[in-house]
Novice: 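This is the structure, below, for whatever I ask next.
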2 protein chains.
Amino acid sequence: MIEVLAALAEPTRWQLLDQLAAQKEATATRLAEGLPVSRQAVVKHLAVLERAGLVAGHRSGREMRYVVRAKRLDETARWMAAAARRWDDRLARIKELAETDSPERRESPSFGSGIA
Amino acid sequence: MIEVLAALAEPTRWQLLDQLAAQKEATATRLAEGLPVSRQAVVKHLAVLERAGLVAGHRSGREMRYVVRAKRLDETARWMAAAARRWDDRLARIKELAETDSPERRESPSFGSGIA
DNA sequence: AGAATGTGCAACCCTGGAGTTGCACATTAG
DNA sequence: CTAATGTGCAACTCCAGGGTTGCACATTCT
């Protein structure tokens with residue numbers, strides 16, 4: 001998961017993904033023509049994206065063609081949404097407990113070492 | 001947006017976020033106790049998270065307390081889901097055009113320089 | 001006041017990632 | 001066959017980011 005996020009945390013890679021989404025298939029050489037970086041840089045980016053599952057490559061003769069994998073991005077989005085919900089739930093739970101358990105007390109000792 | 005993704009592309013930061021979601025509020029010093037890194041490292045991480053809007057800090061006396069911002073994560077998740085849908089739509093469009101326009105032709109010249 | 005405790009700043013390593021160039025090898029085109 | 005085109009590998013530079021330590025300053029506790 002972290003792998004996907006790391007892959008997405010780079011502007012150049014988004015450009016590649018956008019181009020791929022616009023053309024369905026493309027080679028590293030072709031993609032590099034539309035960007036201010038060398039072909040090799042693009043190759044490396046594609047490798048990262050492939051490891052993350054955001055792109056898939058297949059060879060066709062001497063060419064290596066890549067396709068974008070929208071599914072993977074969607075999975076990640078859902079995963080993040082779930083995490084957000086978890087956080088919300090936990091915080092709501094804490095707040096509720098604080099009010100129900102002892103409305104007059106402040107500074108919940110939840111995690112403390114108890115020294116204070 | 002890239003800023004948020006970059007902030008999330010780091011395991012240690014997820015640990016911080018998880019701890020914060022479990023405790024609602026915590027200081028850098030406190031968070032560092034539960035992790036194998038120095039307080040200063042935690043401070044830096046919190047700064048990154050705050051810049052990304054995933055966390056908010058407010059001072060209370062000599063302490064600096066942080067709270068997790070689930071909303072921001074949810075926003076990002078939705079943004080990604082939207083991007084995934086866009087990719088899907090574009091590809092579907094391309095496929096459809098290829099079939100409707102000229103079912104017998106292969107190798108769409110969509111992006112080509114036209115030289116070939 | 002004096003000791004604890006907690007922040008904030010700064011200087012400093014060190015590794016990994018982004019980018020480049022150069023070259024050898026494979027596959028097509030003429 | 002020969003030239004053109006496209007990949008793949010390797011070595012190398014550069015710097016941002018994660019981590020550390022040391023110290024000065026602020027706030028609280030007794």
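Proteins get letters first, then strands, A, B, ... in listed order; numbering begins at 1 in each.
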Novice: With no angle test and no hydrogens, is the base of D/dG8 tied to the side chain of A/Arg39 by a donor-acceptor pair under 3.5 Å?
Specialist: yes

Novice: Would you indicate, yes or no, if D/dG19 has its OP1 or OP2 atom less than 4.0 angstrom from a side-chain nitrogen or oxygen of B/Thr12?
Specialist: yes

Novice: Do A/Gln40 and D/dG8 share a donor-acceptor pair, side chain to base, under 3.5 Å?
Specialist: yes

Novice: From A/Leu31 CG over to A/Leu46 CG, what is the distance, rounded to the nearest 0.5 angstrom?
Specialist: 6.0 Å

Novice: Find which nucleotide of DNA chain C each of A/Gly61 and A/Ala9 is nearest to by heavy atoms, and output the residue with the more 5' nucleotide.
Specialist: A/Ala9

Novice: Do side-chain atoms of B/Trp87 reach the backbone of A/Asp18 as a donor and acceptor pair under 3.5 angstrom?
Specialist: no

Novice: Just the rounded figure in Å: distance from C1' of C/dG17 to CG of A/Leu8.
Specialist: 16 Å

Novice: Calculate the interatomic distance between A/Leu16 atom CG and C/dA18 atom C1'; express it in whole Å.
Specialist: 12 Å

Novice: Please state whether the phosphate of C/dT20, meaning OP1 or OP2, lies under 4.0 angstrom from any side-chain nitrogen or oxygen of A/Ser38.
Specialist: yes

Novice: Tell me which nucleotide among C/dG8, D/dG18, D/dG8 gets nearest to the side chain of B/Arg59.
Specialist: C/dG8

Novice: Please figure out whether A/Glu10 or B/Thr27 has its closest DNA chain C nucleotide nearer the 5' end.
Specialist: B/Thr27

Novice: What is the distance from CD1 of A/Ile2 to P of D/dG18, rounded to the nearest Å?
Specialist: 11 Å

Novice: The side chain of A/His45 lies closest to which of these nucleotides: C/dG8, C/dT27, C/dA18?
Specialist: C/dA18

Novice: Is a donor-acceptor pair below 3.5 Å formed from side chain B/Lys44 to base D/dG17, judging by atom type as modelled?
Specialist: no

Novice: Using atom CG of A/Leu5 as one end and atom P of D/dG17 as the other, report the distance to the nearest whole Å.
Specialist: 17 Å

Novice: Provide, to the nearest angstrom, the distance between the CZ atom belonging to B/Arg13 and the C1' atom belonging to D/dG19.
Specialist: 12 Å

Novice: Rounded to whole Å, how long is the line connecting atom CZ of B/Arg62 with atom P of D/dC29?
Specialist: 7 Å

Novice: Nearest-Å distance, CD (B/Glu63) to P (C/dG8)?
Specialist: 11 Å

Novice: Would you compute the distance between atom CD of B/Glu10 and atom CG of B/Leu5 and round it to the nearest 0.5 angstrom?
Specialist: 14.0 Å

Novice: May I ask you to decide whether B/Arg93 forms a salt bridge with B/Asp89, counting only side-chain N to carboxylate O separations under 4.0 Å?
Specialist: no

Novice: A/Glu63 side chain to A/Thr27 main-chain N or O, any donor-acceptor pair under 3.5 Å?
Specialist: no

Novice: How many Å lie between CZ on B/Arg51 and C1' on D/dA16, as a whole number?
Specialist: 12 Å

